[in-house]
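Values reported hereafter were calculated over all heavy atoms of this structure, with side chains retained and with hydrogens, waters and symmetry mates removed. Every chain is numbered from 1, with letters handed out A, B, ... down the list of sequences.
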Amino acid sequence: MKNFVLAGASVQGASHISSGTECQDFISFAIADNCSIMALGDGAGSARRGGAGARVAVRSVMEYMRERKYPERVNLKHMVEYARNSVAHFAVLDGYDFRDYATTLIVLISYGERIRLIQIGDGGVVGRRGDRFYTVSQPMVTEYANETVFLTSTSYSKYLRTGTFRNYDMLFAFTDGIQNAILERRNDIFFPFNDFFSTMSSFAEENSSSEEMSGEIREMLESQRFRNISSDDKTFGIMHYRGDS
Amino acid sequence: MFRKKLESSAVPLRYPSEPKCPVILVLDNSGSMDGEPSVELRKGLKKFLKDLRKDDLARKRVEISVVLFSDSAKQILPFSTVDLVNEDSLMMDPNGKTAMGEAILFAISRIEERKLDYSKNGIQYFRPWIWLMTDGSPTDMHPEGNEQMKTEWKVVTEKVHEGVRNGKFLFFAVGIEDADMDILRDISVEPPIRMNEQKFSEMFDWLSKSIASTSRSSTSEQIRLDPTDSWGKRVVK
């Protein structure tokens with residue numbers, strides 16, 4: 001059996017608390033015998049049902065894997081279409097326009113050595129290989145702070161990023177609410193801010209209770225220090241592969 | 001068992017800076033604005049700054065610049081967050097002609113400079129706003145003027161249209177009283193708005209709300225602005 005430890009949390013940003021909006025970020029993760037999966041979405045602040053879009057997209061990805069009994073081979077494009085269709089169905093029942101559910105989506109599936117990834121929109125994924133950190137998937141950004149692509153965008157397939165990676169034993173996924181404080185942008189390339197990720201990887205090495213770790217990540221994201229980063233909702237997740245037993 | 005807790009105060013972070021939302025007000029300061037219009041405009045402007053200061057996020061994110069135009073264009077306020085603006089320094093002394101073409105090109109250059117500053121310093125930014133207000137007709141450009149005015153007209157309108165279509169900035173034009181709305185309609189991609197009589201205060205109220213809500217947006221495909229009924233009407237053909 002493969003050993004994984006997963007932890008993460010989404011918290012509401014100050015701007016959504018003051019305007020009474022629900023948290024529009026959502027994260028979920030699960031561990032199976034052969035793999036682990038983490039999915040996160042950031043519902044668009046400007047979209048009326050962005051939070052619901054993030055929840056439905058994330059849950060449908062988890063459901064996709066569960067119903068297929070965590071297959072070794074996943075058609076990632078099919079998985080994204082499934083998530084998109086789930087949001088579209090939900091929109092019909094819920095009674096708003098599809099684009100009111102605008103959300104980003106990041107999915108990580110780790111089979112141990114082999115990692116599959118989906119990303120659409122901003123936020124990003126950093127991986128640890130040896131003692132170094134690399135940007136595995138960088139934010140899909142346009143020139144402006146408030147503009148990105150979404151799962152609900154008509155041109156989503158043009159921007160959809162899917163990939164297979166190897167040999168990252170630890171992965172960190174996050175939404176744009178904290179991205180500026182943990183990545184360094186040089187021109188259009190984002191580099192991990194090493195000090196942050198080495199602190200987080202020690203934290204992950206030294207703990208194994210997903211619940212406690214998630215609680216502490218939540219506390220961290222809710223702290224004044226992290227609130228000062230941005231007034232946006234914030235999500236941070238860790239996926240740690242600890243070998244086979 | 002000893003367990004190392006995650007202490008948020010000990011987690012190293014980069015020094016993040018708030019993303020900026022640059023707004024440049026391009027205001028007619030020609031002779032015809034003398035008297036009530038310029039007094040009301042200044043009053044509205046003061047209230048506008050006051051309202052933005054009351055909004056915690058807008059205070060950190062919005063950067064205002066003011067350009068006045070009469071015989072030429074002049075930036076009386078470089079891009080500044082609202083806390084740093086001393087409104088008493090925003091003096092208007094209406095006189096002279098209406099160098100609107102020059103003012104628009106000047107504003108576009110200031111916007112591009114500002115964007116470069118942001119990029120150099122790793123600061124993210126929102127799509128800039130150009131907010132043009134006039135009560136007349138340009139004296140330095142016209143589709144039916146002399147050769148020089150025609151050329152200027154072409155350069156200005158092309159630059160605005162290209163900028164708006166390519167998402168370089170948002171451009172809004174507001175006509176006060178006898179403003180030449182046909183001209184504004186040709187310059188602006190969005191229909192210009194004719195301000196109802198002396199509704200400066202209502203207009204600035206709308207503007208501060210719209211800017212504040214833009215600066216709050218984290219990810220938006222499209223900016224949705226409230227209707228302008230409280231202060232003016234969009235003029236479509």
Enquirer: Using heavy-atom distances under 4.5 Å, tell me whether Ile217(A) contacts chain B through its side chain, its backbone, both, or neither.
Expert: both
Enquirer: Which bit of Lys115(B) is near chain A, if near means a heavy-atom gap under 4.5 Å: side chain, backbone, both or neither?
Expert: side chain
Enquirer: Using non-hydrogen atoms and a 4.5 Å limit, figure out which bit of Leu57(B) sits close to chain A: side chain, backbone, both or neither.
Expert: side chain
Enquirer: Below 4.5 Å from any heavy atom of chain B, which atoms of Glu184(A) appear? Answer side chain, backbone, both or neither.
Expert: both
Enquirer: With sequence neighbours left out, which residue pairs that include part of residues 102-121 of chain B fulfil the ring pair (Phe, Tyr, Trp, His ring centres under 6.0 Å) condition?
Expert: Tyr118(B)-Tyr125(B)
Enquirer: Give the member of Pro12(B), Pro128(B), Cys21(B) that has the highest number of heavy-atom pairs under 4.5 Å with chain A.
Expert: Pro12(B)
Enquirer: Out of the candidates Thr135(A), Leu108(A), Val107(A), only one should pair with Val125(A) under the side chain to side chain contact (heavy atoms under 4.5 Å, CB included) rule; please name it.
Expert: Leu108(A)
Enquirer: What part of Phe193(A) gets closer than 4.5 Å to chain B, counting heavy atoms only: side chain, backbone, both or neither?
Expert: side chain
Enquirer: I would like to know whether Glu219(A) and Ser8(B) meet side chain to side chain donor-acceptor pair (under 3.5 Å); could you show each step before the answer?
Expert: CA-CA 8 Å; Glu219(A) 276 174 37; Ser8(B) 67; over 6 Å; no
Enquirer: Is the shortest side-chain N to carboxylate O distance from Glu40(B) to Lys43(B) below 4.0 Å?
Expert: yes
Enquirer: How would you list, by chain and number, every residue that makes a side chain to side chain contact (heavy atoms under 4.5 Å, CB included) with Leu160(A), sequence neighbours excluded?
Expert: Lys77(A), Val80(A), Ile118(A), Ile120(A), Thr162(A)
